[in-house]
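See below for the structure under consideration.
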There are 2 protein chains.
Amino acid sequence: MAFHKKEEFTQKEQDLANFAKAMSHPARIAILKVLAQRNECICGELVDMLPLAQSTVSQHLKELKNAGLINGETDGPRSCYCINWKAFEKFNNEFNLLFSNLKIKNEKACC
Amino acid sequence: MAFHKKEEFTQKEQDLANFAKAMSHPARIAILKVLAQRNECICGELVDMLPLAQSTVSQHLKELKNAGLINGETDGPRSCYCINWKAFEKFNNEFNLLFSNLKIKNEKACC
DNA sequence: ATCTTATATCGCAAATATACGATGAATGTG
DNA sequence: CACATTCATCGTATATTTGCGATATAAGAT
């Protein structure tokens, strides 16, 4: 963006947006789905499951980790990832909070 | 992305990612928040509330509309927007579905 | 020590996203 | 009709994302 306008929004708005951004790519959704199914940590098996190069998968994992959606432990030459529960619940709550009013006023829709 | 890799993922993965992408900017979060508070439709008031130019706000609205998160009605020279309930509930459901397993297996975390 | 395996990181190319001013279209006002 | 108002769209500059191959790192195997 031509000149960091993002910083002019509230912290909560930025946090929610960052959370959403972390999930804004099908590869990262797929990764989260796998980590959800087997809640044991996975490593390079993800590379075999996704139609992407190893370096690309690694990059997506890094983004998910930076956003706090997953935890990673580098275990010797292998790496082990799993979902970060607390972050997920926190954002899920804020998300619902943002739209909780809406569900009540639903009928008054104007367009 | 260098060559539409996104299309190699499932439709559901792409849908969820698109939904997340629509929310991946603080301005769009802010817009949704305003539309949530007043569930009556808003038009250019958004421009006054956001630290962005009119054309930029219009662009964000367009993206939200394309993603199906909001509805818009062009009412003479003014435009009127409000949340698209059904889309929101649908995606909220899929979102929870994706992670429902996790909440149960929480204790078995490995890292 | 050398080689293999599993990952992360770097550097680059291509595609997208973000932002804005300028312009266009639609409608209402004097 | 001329003009102001409200909003969408176009063109453009810049920044970010996505993806890959090549390379670096770390640990175990031979």
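In what follows, chains are A, B, ... by sequence order, proteins preceding strands, each numbered from 1.
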Name all residues meeting the side chain to side chain donor-acceptor pair (under 3.5 Å) criterion together with B/T10; count only those two or more places apart in sequence or in a different chain, and write none if there are none.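 Scan of B/T10 (side chain to side chain donor-acceptor pair (under 3.5 Å), adjacent residues dropped) gives B/E13.
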Interatomic distance, [X] [atom1] vs [N] [atom2] [rounded to whole Å]:
{"X": "A/L46", "N": "D/dG19", "atom1": "CG", "atom2": "C1'", "value": "17 Å"}
{"X": "B/H25", "N": "D/dA15", "atom1": "NE2", "atom2": "P", "value": "14 Å"}
{"X": "B/D75", "N": "C/dG28", "atom1": "CG", "atom2": "P", "value": "9 Å"}
{"X": "B/N66", "N": "C/dT18", "atom1": "CG", "atom2": "P", "value": "13 Å"}
{"X": "B/E73", "N": "C/dT27", "atom1": "CD", "atom2": "C1'", "value": "16 Å"}
{"X": "A/K65", "N": "C/dA8", "atom1": "NZ", "atom2": "C1'", "value": "10 Å"}
{"X": "A/E63", "N": "D/dG19", "atom1": "CD", "atom2": "P", "value": "9 Å"}
{"X": "A/Q14", "N": "D/dT16", "atom1": "CD", "atom2": "P", "value": "13 Å"}

Counting primed atoms plus P, OP1 and OP2 as sugar-phosphate and everything else as base, spell out the protein contacts along nucleotides 3-11 of chain D at 4.0 Å heavy-atom distance: B, S or - for each nucleotide, 5' to 3'. ---BBBB--
Quick one: list whatever passes side-chain contact (heavy atoms from CB on, under 4.5 Å) with A/K90, sequence neighbours left out.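 For A/K90, the residues satisfying side-chain contact (heavy atoms from CB on, under 4.5 Å) (neighbours in sequence not counted) are A/E94.
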Among residues at least two apart in sequence or on other chains, which ones pass side-chain contact (heavy atoms from CB on, under 4.5 Å) with B/N84?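 If we apply the side-chain contact (heavy atoms from CB on, under 4.5 Å) test to B/N84, skipping adjacent residues, the hits are B/N71, B/K86, B/A87.
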Is B/K21 near enough to C/dT16 that one of its side-chain N or O atoms lies under 4.0 angstrom from OP1 or OP2?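 The answer is no; no side-chain N or O of B/K21 sits under 4.0 Å from OP1 or OP2.
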Are any of B/H60's side-chain N or O atoms less than 4.0 Å away from OP1 or OP2 of C/dA17?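 So the side chain of B/H60 is outside the cut-off, no N or O lying under 4.0 Å from OP1 or OP2 of C/dA17.
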State, to 0.1 Å, how close B/S24 and B/R28 come at their nearest heavy-atom pair, and which atoms those are.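 Looks like OG-NH2, 3.6 Å.
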By ring-ring contact (aromatic ring centres under 6.0 Å, His included) - contacts of A/F88 (at least two apart):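 Counting only residues at least two positions away or on another chain, A/F88 forms a ring-ring contact (aromatic ring centres under 6.0 Å, His included) with A/F19, B/F99.
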Using atom types as modelled, flag every donor-acceptor pair under 3.5 Å from a side chain in residues 42-59 of chain B to any protein atom, sequence neighbours excluded.
unit_1: B/E45; atom_1: OE2; unit_2: B/R38; atom_2: NH1; d: 3.2

